[in-house]
Number of protein chains: 2
Amino acid sequence: MLKSTIYVDRAATVLKLLGDKTRLTMVAILKQRECCVCEFLEVFDMSQPSISQHLRKLKDLGVVKEERRGQWIYYSLNSQSDLYGLIEDILEHIPVQTEKIKQIENSNPTLRCGC
Amino acid sequence: MLKSTIYVDRAATVLKLLGDKTRLTMVAILKQRECCVCEFLEVFDMSQPSISQHLRKLKDLGVVKEERRGQWIYYSLNSQSDLYGLIEDILEHIPVQTEKIKQIENSNPTLRCGC
DNA sequence: TTAATATATAGCTATATGCTTATATGTTAA
DNA sequence: TTAACATATAAGCATATAGCTATATATTAA
């Protein structure tokens, strides 16, 4: 398979973004399931604004997309991005985030108030 | 093919390192040929200490190795590293640095004084 | 040994980054 | 409309980073 290439500038930009443990883990989680901010809050030891800022950076580059559903905004990987193939290949080299997914599903923040 | 995975911390560290245009280009060049500092000086618009510092970071993480040959120290990709597979996969997504290789070969800094 | 060349290290500075708290915006339900 | 909840934005701060210049170290050749 012939991969379409990404200019070095753009590739460096996305690698720098993924070169943060929090964001790399977010992307790994999003590869398995979409998440909203309050779900990420369950697995990262940081404030809600920090989570939002990481997601914003990923969104600004087109790595993730968002979709509002009622009160929540769901984030997912943007498979339409020219960066998607690179990101998929990178994710093959890191462990699947099973523990964090479990944590999210056990806490179920979006179901707390019976919505 | 089953890829061995790299812990998220370590993966984030190498992605951050490669998330710099200079270092990413260096690694792309080293995929094609080994180089010494004075050769990199031909293609990057920065001082010799800056080049050396970038190479040191790559060496500290095990991405590149060095080999002294006389006056020169040749840098090459470390194919023994656990990071090598990831790096190869990333490089498939960026253009081959043909122009820079040409620049290096046309200038031939290590041959200037007839060594 | 001395001079020339190649590379590394030290120390400095400007900018970028990631976090925080405080506050604003948007949505739902009473 | 008001309260509660989810998320975003603003502003500030501490640390990290990438570049620079000056200098040290290592090698070669005279």
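All chains are named by letter (A, B, ...) in the order of the sequence lines, taking the proteins before the strands, and each is independently numbered beginning at 1. The structure displayed is predicted, hence computed values, not measured ones.
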About how many Å separate CZ of A:Phe44 and CD1 of A:Ile29, when rounded to the nearest 0.5 Å? 4.5 Å

Please name all residues satisfying salt bridge (charged side-chain N to carboxylate O under 4.0 Å, His left out) with [X], sequence neighbours left out, ordered by chain then number.
| X | result |
| --- | --- |
| B:Arg56 | B:Asp60 |
| A:Lys100 | none |
| A:Asp20 | none |
| A:Lys57 | none |

Using whole Å, what does the distance between atom [atom2] of nucleotide [N] and atom [atom1] of [X] come to?
| X | N | atom1 | atom2 | result |
| --- | --- | --- | --- | --- |
| A:Leu17 | C:dT17 | CG | C1' | 11 Å |
| A:Asp45 | C:dT20 | CG | C1' | 13 Å |
| A:Ile73 | C:dT25 | CD1 | P | 15 Å |
| A:Phe44 | C:dT20 | CZ | P | 13 Å |
| A:Glu67 | C:dG26 | CD | P | 19 Å |
| B:Gln71 | D:dT27 | CD | C1' | 6 Å |
| A:Tyr75 | D:dT7 | OH | P | 8 Å |

Looking at A:Ile90, A:Ile87, A:Leu17, which hits side chain to side chain contact (heavy atoms under 4.5 Å, CB included) with A:Val27? A:Ile87

Please list, chain by chain and in numerical order, all residues satisfying side-chain hydrogen bond (donor to acceptor under 3.5 Å, both in side chains) with [X], sequence neighbours excluded.
| X | result |
| --- | --- |
| A:Ser50 | A:Ser47 |
| B:Thr13 | none |
| A:Thr5 | none |

When all nucleic acid strands are considered with a 4.0 Å heavy-atom cut-off, which category describes B:Phe40: base, sugar-phosphate, or nothing? nothing

Strand-adjacent residues in residues 19-31 of chain A, judged by heavy atoms under 4.0 Å from DNA chain D: none

If you take any heavy atom closer than 4.0 Å to DNA chain D, which residues from residues 46-66 of chain B end up in contact? B:Met46, B:Ser47, B:Pro49, B:Ser50, B:Gln53, B:His54, B:Lys57

Using only side-chain N and O atoms of [X], determine if any of them is under 4.0 Å from OP1 or OP2 of [N].
| X | N | value |
| --- | --- | --- |
| B:Lys16 | D:dT17 | yes |
| A:Tyr74 | D:dA6 | no |
| B:Arg68 | D:dA26 | no |

